[in-house]
Amino acid sequence: MNPGTGEAEARQALADVAPVDPWATAAIIEGRLYEGFDIEDTLDRVSCPALVLAGNVKLGSRVREEDLEFLRAHTALVRMTRIASGGHGIVWDEPAIVNSEVADFVGAL
C-alpha cells in the first residue's frame, strides 16, 4: 500500500483484489506483471486504428504528454484526444464527450 494509506482504504484494496487470480496478484505484488513485455515492440506491431482518450492531468488523469508522444512514435494509426474537463475517470466525468469521440472515431473507419 502507499504510505499514509488508512485502514479503511487498505481493507477496500484487499476486498478489490481478493477475487483476483492468485498468480496475477502475486505478479503485481512482486513487480512481475510486465516481465518480458516489450511495449515498444508491441505498439510497433499494432496495425489497426486506435483511439486514445486522455483526461486532464491536473484533474487526475494519469496520461502525461510524454506518454502521448511515446504512443505517437510507436503507433502508426492512432487518434488522440485530450479531454480537458475530465480527470482519471473521463468516462464518468464527461460521458457525452467520450461517446461523441468514440462515435466520430468509429464513423471515420
Residue set satisfying side-chain contact (heavy atoms from CB on, under 4.5 Å) with D38, at least two apart, ordered chain then number -> E40, D41
Residue set satisfying side-chain contact (heavy atoms from CB on, under 4.5 Å) with W23, at least two apart, ordered chain then number -> D21, A27, R32
Hey, quick one: are Y34 and L43 part of the same hydrophobic cluster, counting side-chain heavy atoms closer than 4.5 Å, chains of contacts allowed? yes
| task | Determine, using the 4.5 Å side-chain heavy-atom cutoff (strictly less than), whether F70 and V57 are members of one ILVMFWY cluster. | result | no
The reported gap from OG in S61 to NE2 in H88 (rounded to nearest 0.5 angstrom) is 8.0 Å
The complete set of side chain to side chain donor-acceptor pair (under 3.5 Å) pairs with one or both residues in residues 67-77, sequence neighbours excluded, reads D44-H74, R64-D67, E69-R72
Those residues at least two apart in sequence (or on a different chain) that pass side chain to side chain donor-acceptor pair (under 3.5 Å) with R11 are E7
Heavy atoms of E94 and S85 approach each other most closely as OE2-OG, 2.9 Å
Looking at A84, is its backbone amide N or carbonyl O close enough to the side chain of N56 to form a donor-acceptor pair, meaning the two atoms are under 3.5 Å apart? yes
Hits for side chain to side chain donor-acceptor pair (under 3.5 Å) against T42, two or more places apart or cross-chain, chain-then-number order -> none
Using a 4.5 Å side-chain heavy-atom cut-off and chaining through intermediate ILVMFWY residues, the residues clustered with V106 come out as L51, L53, I83, I90, V91, W92, I97, V98, V102, F105, L109
All heavy atoms of L68 vs all of A54, minimum pair found to be CD2-CB, 4.5 Å
Residues joined to L77 in its hydrophobic cluster, side chain to side chain under 4.5 Å directly or through other members, sorted by chain and number, are none
Residues 75-85 vs salt bridge (charged side-chain N to carboxylate O under 4.0 Å, His left out), sequence neighbours excluded, gives E65-R82, R79-E101
